[in-house]
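See below for the structure under consideration.
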Amino acid sequence: MKRNILVLAMLTIAFVGGLKAQFVTYVPFQNGEKGIGLNVGIGGWFGPSDFIIDNSSSSIYNGYQGTKLKRLPFNPSVALHYRRVLSGNRVDWGNSLIIGMSWWSGKVEGEQTANPANTFETNFKYHRFELSDQYYIMIPVGDKLSIKAGIGATLSCNFDPTSTTEFSDGTPSVKSEGGLDFMDRLGCSIDGIVGVEYTLNESFVASCNLTCYAFDFFGLFDDSATKGYRGVGEGLFVNKKLPYQLTFGIAYVL
């Protein structure tokens, strides 16, 4: 827990420093339209649903093999959103700073190698703190609607996962928490963003955005046997490629 708090504090300091830099450095947006609001959304995965199970003699999965990974399609998120838009002659330019939290969960099923009638089911969940900086071009369609596309970067801190494993043969269930290594705990991704914005009135703007966390920067430094996978329980690792979030938001024009 102390380790999570330390990492969260470091990310918050970095975010505050970046926020100050926004006001000092990005002069072109200084006179643009500014707004602050709230985003809510759901997350999922474009990447494959595969996994790794440690079924060595010391593992709870000794003698078992995994058969299926099910990831819930509606993983919730909530975030505070600060946006700036600089109007151009034909297109507008936008910048968003987002700070939020998301919750993720799923289930792995498997069977005993010697007797497939004996099965197991592991339910896992974890959550993460996210800081995102996005830049995008906005193409007006009429007076109130704009289509936008751009890129961004997200720093994230993954909190310790929890999991519960149930066995069909009467073996006592196993609950676990924690076990993340450094590469699982921190994330840094390059993102792709598409979306739309609609001006409700002079004070409020609504938006819908799809963000894909396309490239895992920290993954370049991971040379472990579980590279590309995230630990979510005792001896269980799931593919972490290409998560996405579909968010809906409303912002108050300052």
Side-chain angles (χ1 to χ4, degrees), residues 4-5 7-12 14-16 18-19 35-49 69-83 94-107 123-136 148-163 177 180 184-198 204-219 229-233 238-252:
N4 280 337
I5 293 174
V7 172
L8 185 59
M10 292 173 63
L11 286 175
T12 302
F15 174 73
V16 172
L19 185 60
I36 188 168
L38 181 70
N39 292 348
V40 295
I42 55 176
W45 302 83
F46 289 129
S49 295
L69 166 62
K70 297 179 179 179
R71 291 194 279 210
L72 297 182
F74 304 113
N75 299 280
S77 66
V78 61
L80 293 175
H81 178 199
Y82 176 77
R83 63 187 287 276
N95 171 226
S96 292
L97 290 172
I98 300 169
I99 176 171
M101 189 76 72
S102 59
W103 292 262
W104 305 80
S105 58
K107 177 171 65 176
N123 290 278
F124 63 86
K125 57 184 178 180
Y126 63 92
H127 59 284
R128 70 181 190 180
F129 175 78
E130 301 161 342
L131 303 171
S132 297
D133 194 4
Q134 301 177 349
Y135 298 86
Y136 40 87
K148 65 182 183 182
I151 60 173
T154 296
L155 288 174
S156 61
C157 173
N158 296 294
F159 290 82
D160 285 334
T162 59
S163 66
E177 180 176 0
L180 287 182
D184 282 340
R185 194 169 298 281
L186 292 179
C188 179
S189 65
I190 305 300
D191 315 327
I193 305 106
V194 294
V196 295
E197 288 197 0
Y198 185 81
F204 291 98
V205 176
S207 63
C208 176
N209 302 297
L210 176 65
T211 301
C212 177
Y213 304 94
F215 177 72
D216 178 16
F217 178 76
F218 284 167
Y229 292 80
R230 182 188 311 284
V232 292
V238 299
N239 193 299
K240 60 180 180 180
K241 294 180 179 178
L242 296 178
Y244 71 84
Q245 286 185 346
L246 177 64
T247 59
F248 304 88
I250 188 166
Y252 176 74

Requested in this report: Identify the residue among Lys148, His81, Arg83 that makes a side chain to side chain donor-acceptor pair (under 3.5 Å) with Ser96.
Outcome: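 For Ser96, the side chain to side chain donor-acceptor pair (under 3.5 Å) test succeeds with only one of Lys148, His81, Arg83, which is His81.
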
Look up atom [atom1] in [X] and atom [atom2] in [Y], then write down how far apart they are to the nearest 0.5 Å.
{"X": "Leu242", "Y": "Cys212", "atom1": "CG", "atom2": "SG", "result": "5.0 Å"}
{"X": "Leu155", "Y": "Ile99", "atom1": "CG", "atom2": "CD1", "result": "11.5 Å"}
{"X": "Asp216", "Y": "Cys188", "atom1": "CG", "atom2": "SG", "result": "8.0 Å"}
{"X": "Met101", "Y": "Arg128", "atom1": "CE", "atom2": "CZ", "result": "11.0 Å"}
{"X": "Arg185", "Y": "Asp160", "atom1": "CZ", "atom2": "CG", "result": "4.5 Å"}
{"X": "Asn39", "Y": "Leu246", "atom1": "CG", "atom2": "CG", "result": "11.0 Å"}

Requested in this report: Would you confirm whether the ring centroid of Tyr252 sits within less than 6.0 angstrom of the ring centroid of Phe204?
Outcome: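 For Phe204 and Tyr252, the ring centres are under 6.0 Å apart.
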
Report task. For Ile190, look at atom CD1 and say whether over 12 heavy atoms of other residues, nucleotides or ligands are found less than 6.0 Å away. Result ->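 Yes, enclosed.
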
Query raised in the report: So does Tyr198 have more than 12 non-hydrogen atoms from other groups sitting under 6.0 Å from OH?
Result: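 Open.
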
Can you see which heavy atom on [X] is nearest to which on [Y], and at what distance?
{"X": "Cys208", "Y": "Phe248", "answer": "SG-CE2, 3.5 Å"}
{"X": "Lys241", "Y": "Trp45", "answer": "O-CE3, 3.5 Å"}
{"X": "Ser132", "Y": "Thr154", "answer": "OG-OG1, 2.7 Å"}
{"X": "Asn158", "Y": "Tyr126", "answer": "OD1-CE1, 4.1 Å"}
{"X": "Asn239", "Y": "Tyr229", "answer": "N-CD2, 3.4 Å"}
{"X": "Ile42", "Y": "Ser77", "answer": "N-OG, 4.3 Å"}

Requested in this report: Please list, chain by chain and in numerical order, all residues satisfying side-chain contact (heavy atoms from CB on, under 4.5 Å) with Ser163, sequence neighbours excluded.
Outcome: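 If we apply the side-chain contact (heavy atoms from CB on, under 4.5 Å) test to Ser163, skipping adjacent residues, the hits are Thr122, Phe124, Ser176.
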
Report task. List for me each residue that meets side-chain contact (heavy atoms from CB on, under 4.5 Å) alongside Val78, sequence neighbours excluded, and say none if there are none. Result ->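 By the side-chain contact (heavy atoms from CB on, under 4.5 Å) rule, Val78 matches Leu38, Val40, Trp103.
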
Query - Test item: Asn95 and Asp133 side chains (from C-beta on) under 4.5 Å apart, heavy atoms - result: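 In short, these two side chains touch, coming nearer than 4.5 Å.
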
Query raised in the report: How about Trp104 and Lys240: do any of their side-chain heavy atoms sit closer than 4.5 Å?
Result: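 No, side chains not in contact.
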
Query raised in the report: Does a donor on one side chain sit under 3.5 Å from an acceptor on the other, for Asn209 and Thr211?
Result: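 There is no such pair between these side chains.
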
